[in-house]
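Report on the structure given below.
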Amino acid sequence: MARLSGVLAAGLARIRPLTAVRAVWSEASAAQAEHDRVRTVLRTASTAFSVHEEGPSGSGGWIFRLRHADVPGVEFAQLRMTEARVLFGAASHENLPLVEALPLVQHAITERHADYALAALEGLHAWVASVGEEKLATEFGEEAAGALTAVALGRPRPGHSVLGQGTFRAAAPAWAVLQSRFAAETAEAEEARLYSAAGMQFVRIQPGTNGAADAALLSLPGLGEP
């Protein structure tokens, strides 16, 4: 009896890894099948994609989703809007570029009267820092260059104990120029270009470790709400 129990235990030990492998394979197969359906729709769709709305939510916001009747369970793009009609969070299916979310932006403008958008500019601070203070000084002057570098690096200017409002005010005019340049010239600014293509005025935000600095900059004239 003890020998039989040992044989069964050994058999179960072999079955469990096989079951796990099959589960992983099944999940991968399902994902591949979805990708294949998406590619088929993109290649052969004879009918238009449709915009689906969810909202207003408890907070007054909306969610817009781009879907197609041939694959009703697949979300091709998504866009969010706050109660104040500010667009943000544009995203697209992994098989699609973000520009495919443009119908959602246009829908939000025409049907829900979206006013402007917030676009995350990943890498903006690092890009400004990479320009170099000497080059920034040549274009914007020494005071602005020092302030720009401080904001980009998230540290006080020499002779200052904190990264404060004086630095933000000194940096703001040049920062507006640089963020527009970054949005127009870099691959990281795909969301900003999406809103721009729809003719929107947009505010660009770098989320993450520089969030406090960005919030301070956005509170200044020319960088905040229109």
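Just the heavy atoms: all of them, side chains too, but no hydrogens, waters or symmetry mates, feed the values below.
With contacts defined as side-chain heavy-atom distances shorter than 4.5 Å, the pair E188/L121 does not qualify. Counting only heavy atoms from C-beta outward, the side chains of L104 and F49 never approach each other to under 4.5 Å. Put simply, the side chain of E190 reaches to within 4.5 Å of the side chain of P97, judged on heavy atoms. Taking the side chain as every heavy atom from C-beta outward, L178 and L136 approach each other to under 4.5 Å.
Linking ILVMFWY side-chain heavy atoms closer than 4.5 Å, directly or via other members, places L98 and I63 in two distinct hydrophobic clusters. Clustering ILVMFWY residues whenever any of their side-chain heavy atoms sit less than 4.5 angstrom apart, transitively, puts I109 in a cluster other than the one holding V99.
For E54, the CD atom counts as densely surrounded, since its 6.0 Å shell holds more than 12 non-hydrogen atoms of other residues, nucleotides or ligands. When the shell of 6.0 Å around CD of E185 is examined, it contains more than 12 heavy atoms from other residues, nucleotides or ligands. Counting heavy atoms of neighbouring residues, nucleotides and ligands inside a 6.0 Å radius, atom CD of E139 exceeds 12 of them.
Contact between T167 and A147 at its shortest, heavy atoms only, is O-CB, 3.5 Å. Of all heavy-atom pairs between A183 and A192, the closest is CB-CB, 4.0 Å.
Taken from CD in E143 to CG in L148, the straight-line distance is 10.5 Å, to the nearest 0.5 Å. To the nearest 0.5 angstrom, H107 atom NE2 is 8.5 Å from M81 atom CE. For the atom pair CZ of R67 and CD of Q78, the computed distance is 9.0 Å after rounding to the nearest 0.5 Å. Atoms CD and CD, on Q106 and E111 in that order, are 11.5 Å from each other to the nearest 0.5 Å. Rounded to the nearest 0.5 angstrom, E122 CD and T186 OG1 are separated by 11.0 Å.
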TODO: Please step through side chain to side chain contact (heavy atoms under 4.5 Å, CB included) for the pair L118 and L87, ending with a clear verdict.
DONE: CA-CA 6 Å; L118 303 179; L87 300 181; over 6 Å; no

- [ ] Report the C-alpha distance between L102 and L194 in whole Å, list the side-chain angles of each, state the deciding distance to 0.1 Å, and finish with yes or no for side chain to side chain contact (heavy atoms under 4.5 Å, CB included).
- [x] CA-CA 6 Å; L102 184 59; L194 169 70; 3.9 Å; yes

Open item on the list: Test side chain to side chain contact (heavy atoms under 4.5 Å, CB included) on R112 and F64; report intermediate values, then the result.
Closed with: CA-CA 11 Å; R112 295 298 168 191; F64 307 103; 3.8 Å; yes

Task: Derivation and outcome, side chain to side chain contact (heavy atoms under 4.5 Å, CB included), residues L79 and Y195 - done: CA-CA 11 Å; L79 179 68; Y195 298 134; 3.6 Å; yes

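Taking the six-membered ring where tryptophan is involved, the planes of H93 and F76 are tilted, since the angle between them lies from 30° to 60°.
For the residue pair H52 / E75, no side-chain donor-acceptor distance below 3.5 Å is found, with atom types taken as modelled.
For W127, the ring-ring contact (aromatic ring centres under 6.0 Å, His included) partners at least two apart in sequence or on another chain are F182.
Within the structure, salt bridge (Lys or Arg N to Asp or Glu O under 4.0 Å) contacts touching residues 144-157 (residues at least two apart or in different chains) do not occur.
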